[in-house]
Undergrad: 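Take a look at this one; I'll ask things after.
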Amino acid sequence: MHFNTKSIHVGQEPEETTGAVVVPIFQTSTYAQPEVGKHKGHEYTRTSNPTRDAYQACIASLENANDAYAFGSGMAAISTIMTMFKVGDHIVAGDDLYGGTFRVFEQVFRDFGLNYSYVDTTDLDAVANAVNGETKLVWLETPTNPMLKISDIQAISAICQDKGVLLGVDNTFMSPYNQRPLDLGADLVMHSSTKYLGGHSDVVGGVVCTSHPEVSEKLKFAQNAMGAVMGPFDAWLTLRGLKTLGLRMQRHNENAMAVAEYLSNHKAVEEVIYPGLANHDGHEIQKKQGHGFGGMVSVRLAGDLAAAKKFCASTKLFFLAESLGGVESLLEHPAIMTHASVPEDVRAALGITDNFVRLSVGVENIEDLIADLEQALGSVA
Ligand SMILES: *Cc1c(COP(=O)(O)O)cnc(C)c1O
């Protein structure tokens with residue numbers, strides 16, 4: 001089965017008793033059992049729920065994974081992954097991670113005895129050199145946020161296999177339509193389903209997919225034991241989002257490319273960062289390892305903080321908001337908004353300057369998006 005067919009059919013047979021073509025929201029905490037010690041497949045919703053099962057089956061198939069586990073947020077998913085490790089274990093992570101991931105590593109799991117090293121995962125030698133005898137996992141995002149740097153998943157997976165450590169990829173920015181890390185050798189793939197999977201900015205969630213039998217057993221145990229599960233209604237909303245994931249991503253990819261090209265030719269813009277542009281450092285790798293370049297575009301305006309603030313306040317269709325991956329276009333100012341907690345010198349080293357703006361290009365008509373950017377850039381000049 002191909003991608004769009006899987007997204008509409010896997011886990012989504014018509015409901016047994018009524019024939020309802022949409023998986024119902026099984027909004028129940030428990031299930032009546034016919035006799036002591038016998039049940040009909042479900043006992044308690046923390047352990048399993050038919051709506052969550054349907055969603056997990058569907059997202060697993062989209063990532064070409066055997067299993068998927070859905071959580072109440074992306075951070076709950078990452079935190080549950082961390083509980084697979086124990087005191088003294090070491091994790092090599094990207095140096096340009098989602099801020100919440102860095103925060104939970106440093107301010108929560110370090111206190112539980114896990115150690116972390118941060119490296120630029122676009123540098124294969126740096127990844128190989130950071131792995132030591134205690135290393136259990138390499139964790140990366142590609143593209144990174146907001147610099148959109150691309151790492152070579154296949155090459156890093158070869159390093160991980162050689163050294164006997166797991167590779168986990170946060171695939172939130174690409175979605176399985178554009179990139180399937182397990183096919184490239186990763187052991188775990190994780191999403192903040194709040195973003196492209198849900199796709200409509202109306203539900204928070206996280207998911208982990210894997211085909212690694214031991215990892216899957218551990219995650220299944222931890223999902224139930226720790227209990228950070230996704231609720232039935234949120235699973236239903238996210239499953240509904242998956243049905244149009246391929247359609248949306250195709251449009252996100254096209255619109256982002258058009259926006260990147262338009263901005264590249266605008267005199268009020270100093271630099272455009274988009275993996276789909278031939279001048280992007282990671283362009284060739286992404287062309288090889290993925291099926292698209294995604295909906296995120298970063299720009300450096302020709303101007304200072306005031307210009308960036310004016311631009312962000314002037315768009316009408318691009319809402320000024322954190323988050324990304326919804327049907328509606330958003331923009332944000334990383335230095336003051338999403339990355340404010342990153343120390344100023346680290347921000348400077350990463351290139352998150354005051355004139356830097358990140359766009360999440362939605363699926364609106366491209367003419368309207370470009371007209372909106374045109375008038376906002378005009379108001380800056
Ligand atoms: C949003 C995000 C997260 C965190 O997910 P939540 O659903 O907000 O908990 C993790 N990684 C990336 C790349 C994200 O964009």
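First listed ligand is number 1; within each ligand, the first listed atom is number 1.
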Undergrad: Side-chain donor-acceptor pair under 3.5 Å between E63 and H191, yes or no?
TA: yes

Undergrad: Within ligand 1, which atoms have a heavy atom of G205 less than 4.0 Å away?
TA: 7 (O)

Undergrad: Considering Y98, F173, F71, which one's heavy-atom position lies nearest to atom 10 (C) of ligand 1?
TA: Y98

Undergrad: Is there a polar contact between ligand 1 and K195, counting only N or O atoms under 3.5 Å apart?
TA: yes

Undergrad: Hey, which atoms in ligand 1 end up nearer than 4.0 Å to a heavy atom of D170?
TA: 10 (C), 11 (N), 12 (C), 13 (C)

Undergrad: Would you sort out whether F109 and F85 count as a ring pair (Phe, Tyr, Trp, His ring centres under 6.0 Å), showing the intermediate values?
TA: CA-CA 10 Å; F109 289 103; F85 305 109; 9.5 Å; no

Undergrad: Under the 6.0 Å and 45° cation-pi test, does K195 pair with Y98?
TA: yes

Undergrad: Distance under 4.0 Å to a non-hydrogen atom of S192: what atoms of ligand 1 satisfy this?
TA: 1 (C), 2 (C), 3 (C), 4 (C), 5 (O), 6 (P), 7 (O)

Undergrad: Just checking Y177 against H252, ring centres under 6.0 Å apart?
TA: no

Undergrad: Ligand 1 and T101, any nitrogen or oxygen pair closer than 3.5 angstrom?
TA: no

Undergrad: Report the nearest protein non-hydrogen atom to atom 6 (P) of ligand 1: residue, atom name, distance rounded to 0.1 Å.
TA: G74 N, 3.4 Å

Undergrad: Looking at H339, M296, H333, which one forms a side-chain contact (heavy atoms from CB on, under 4.5 Å) with P146?
TA: H339

Undergrad: For E141 and T172, does a side-chain donor sit closer than 3.5 Å to a side-chain acceptor?
TA: no

